[in-house]
Amino acid sequence: MSLRKSPFPNCFLASIHAVGWALILPCFWSLDRFIATWKSTTLEKTVRREQECYLHPLDLFFGTVFFLILFLVTCPIAFFGFLLWAPLQCCRRPFSYHKEAKASEEETSFKSTEKTSFVFATANLCLLPDSLARFNNLGHTQRRAVAIGQRIVDGVHRPDIRIVVESPSSCGTLSPTVSMLTDVSSSVHETKPSLAGNSVENNDATAKSIDQEGSAKCNDTEEPWMDSPTIPLNSNQNSSHQDTNDQTPPALLTQVHCPEDGVHWEVSSLFPANVDVICLEEVFDKRAAQKLIDVLKPVFGHILYDVGVYACQPPCTCSTFKFFNSGLFVASRFPVLQAQYHFFPNSLGEDALAAKGLLATKLLIGKNENQQNVVGFFNCTHLHAPEGEGEVRCEQLNMVTKWIAEFQSTHRLPEEDVIFDVLCGDFNFDNCSPDDTLEQNHRIFEEYRDPCRAGPGKEKPWVIGTLLEQPTLYKGDVKSPESLQRTLGDEQVRKHYVSPPIPRAGCPLEYPENGQPWIGRRIDYILYSEKSTSKRYKTEIDKVHFISHLAGLTDHIPVSIRLCVKKDSENVDE
């Protein structure tokens, strides 16, 4: 499918669609604010109690009246807008492609004799309309979108600092979690080889802002972490984020662990430096998606957004009406050569209102020594959410494997070198819940490798759950990147904040078993496959990150992997 900025084939249709949506938006916005008026997050409730705010009932009354009247007035206008908007979904391409004008299009030489690493990340952001996000204890979607984008940029657009130490208890590498070194020039830098669009100039890592918790306001429309002063990235921010009873030294270091399986892992309070491709889920809100693009585009020059379908699907039928897109959002440093989207036709309940599905992409990495394209396949998905419906998710996984195989069969050229094949996203099942046994044994884990998985129903002992308990999102142990980092590293503490496994109906849950560590639900996955890569290349996992950088902004723990690619000497001539 050809890639262009607009999802419509010509400007005329795009203009009509814009007019239709402009007529719908006031009604949609007023309904969203009407519901949000009645739904407060636990943080807002705590602020009102601490500051003894007595104006809330008054705000609630007048807000309800105002937004209800506005909704009723704009309903007839929205109806005419809907008559313009809905039919156009038949000719809409299921995604938009943003390409930064200054993004480098030069195809550099791919040094296949050297070991090269690629960093992939995934995160569920819960960027729903504000009223719906509040049911997940997350509010202020537009502000969160800006804060999330800025934190991602602060993490990935920085020098990749390594401090090598002599230590018998670790692999000997420590990573600074918050760039606490004031003199970066005196540090030892370890820079990975650059590919097309994969380099970041260290001297461009100027003072980026990371949100801090400031003074809370009584008005529910203000969020403490959004209106705070900023600090430079290359300074120690821990002291301003600590609770009064926190005695942790300001210069935090995260130790990189090297277990018996050889996979390095760490809990980091920053996104890894030089992330190449990032997949975000639940970016449903269009305005929030645009704010993310505005922040991320200086670092990620190629972005796929507004992924999914709307209205009745398939078109011209009386099937399920899609109110929301898939929520998938992909930002890449590499140009996107091909992209294809499929939606799941078997969604049920509230999930059927969103066009969840699979987005498969083909990325241009560079040229090899024979001046042939070096490419990679990057696939992302978001599966069915409700618990106890494993059959639906398994059927969706069947579709995912089928669609990926068809995409690669269609768009892979004989003369191209494929150096990675990655599948990531929010799978909405874990590898420890008895209720998810069906999904844990799916054949997709034969096609793709999970670096965190020891087997069906068994995680590796160093793994950490990625789903947080929503009522506790603003507790002191998890409300900042540093405090969440410490909590995730402490098994006894994190069990109070990470969601526990789901028992099978009618069966009591015994967890953990046989002295195994307490892990919790890991539903965010990054898998990789070697079956579809070129035989002359060999891939292996170098490191897994569990990232606390989005503390207080989402109810998921982002995950990233560093995938190493090197030439296979046994197949050098193939």
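At least one side-chain heavy atom of Pro500 sits under 4.5 Å from a side-chain heavy atom of Glu469. Contact annotation: the side chain of His556 approaches that of Leu467 to within less than 4.5 Å [non-hydrogen atoms, C-beta and beyond]. Looking at Glu447 and Ser529, their side chains never come closer than 4.5 Å, going by heavy atoms from C-beta outward. No side-chain heavy atom of Val295 sits less than 4.5 Å from a side-chain heavy atom of Ile148. Between Leu359 and Val330 the shortest side-chain heavy-atom distance falls below 4.5 Å. Between Lys356 and Asp351 there is a side-chain heavy-atom pair separated by less than 4.5 Å. You'll find the side chain of Leu128 reaches within 4.5 Å of the side chain of Glu282, heavy atoms only. In this structure, Glu281 and Leu328 have side chains that are in contact, with non-hydrogen atoms separated by less than 4.5 Å.
Of the N and O atoms on the side chains of Arg504 and Thr437, at least one donor lies less than 3.5 Å from an acceptor on the other residue. For the residue pair Glu44 and His140, a side-chain donor N or O sits within less than 3.5 Å of a side-chain acceptor on the partner. Under 3.5 Å, the side chains of Thr42 and Asn137 contain a donor-acceptor pair of N or O atoms. Side-chain atoms of Thr539 and Glu530 include a donor-acceptor pair closer than 3.5 Å. If you check the side chains of Asp285 and Gln142, you find a donor sitting under 3.5 Å from an acceptor.
Of the residues listed (Trp29, Trp38, Phe34, Phe28), the one engaging Phe67 in a ring-ring contact (aromatic ring centres under 6.0 Å, His included) is Trp29, and it is the only one. Tested against Arg522 for a salt bridge (Lys or Arg N to Asp or Glu O under 4.0 Å), the candidates Asp430, Asp436, Asp426, Asp450 yield a single pass: Asp450.
Atom CZ of Arg449 is surrounded by 12 or fewer heavy atoms from other residues, nucleotides or ligands within 6.0 Å.
In this structure, Ser117 contributes its side chain and Leu563 its backbone to no donor-acceptor pair below 3.5 Å. Looking only at distances, a side-chain donor or acceptor of Ser15 sits under 3.5 Å from a matching main-chain atom of Cys11.
In this structure, Phe329 CZ and Leu292 CG are separated by 5.0 Å, a value rounded to the nearest 0.5 Å.
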TODO: Kindly indicate, with the supporting measurements, whether the criterion side-chain contact (heavy atoms from CB on, under 4.5 Å) is fulfilled by Leu438 and His442.
DONE: CA-CA 7 Å; Leu438 196 61; His442 194 272; over 6 Å; no
Task: Chi angles and distances behind the side-chain contact (heavy atoms from CB on, under 4.5 Å) call for Arg333, Asn274 - done: CA-CA 9 Å; Arg333 297 183 190 269; Asn274 298 335; 4.2 Å; yes
Open item on the list: Using ring pair (Phe, Tyr, Trp, His ring centres under 6.0 Å), reason through Phe321 and Phe323 one step at a time and then give a plain yes or no.
Closed with: CA-CA 6 Å; Phe321 192 92; Phe323 287 92; 4.9 Å; yes
TODO: Show the numbers, then the answer: is there a side-chain hydrogen bond (donor to acceptor under 3.5 Å, both in side chains) between Asn379 and Asp421?
DONE: CA-CA 8 Å; Asn379 314 281; Asp421 180 6; 3.2 Å; yes
Task: Stepwise ring pair (Phe, Tyr, Trp, His ring centres under 6.0 Å) test for Phe344 and His384 - done: CA-CA 9 Å; Phe344 297 129; His384 190 65; 9.3 Å; no
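Here the closest non-hydrogen pair linking Arg144 and Leu553 is NH1-O, 2.8 Å. The shortest non-hydrogen separation linking Gly552 to Tyr474 is O-CE2, 3.9 Å. Scanning both residues, Val267 and Ile464, for their nearest heavy atoms gives CG2-CD1, 3.3 Å. The minimum heavy-atom distance linking Thr472 with Val478 is given by the pair O-CG2, 3.0 Å. The shortest non-hydrogen separation linking Ala331 to Leu296 is CB-CD1, 4.5 Å. Residue Pro7 comes nearest to Phe95 through the heavy atom pair CB-O, 3.8 Å, listed as atom of the first residue, atom of the second, then distance.
At least one cation-pi condition fails for Lys460 and Trp265: the charged atom is not both under 6.0 angstrom from the six-membered ring centre and inside a 45 degree cone around its axis. Figure legend: cation-pi geometry between Arg92 and Tyr310 absent, as NZ or CZ is not positioned both under 6.0 Å from the six-membered ring centre and within 45° of its axis.
Taking the centre of each ring, Phe420 and Phe120 come in below the 6.0 Å mark. The ring of Phe429 has its center closer than 6.0 angstrom to the ring center of Tyr525.
With respect to Glu406 and Lys402, a salt bridge is recorded, a charged nitrogen being found less than 4.0 Å from a carboxylate O.
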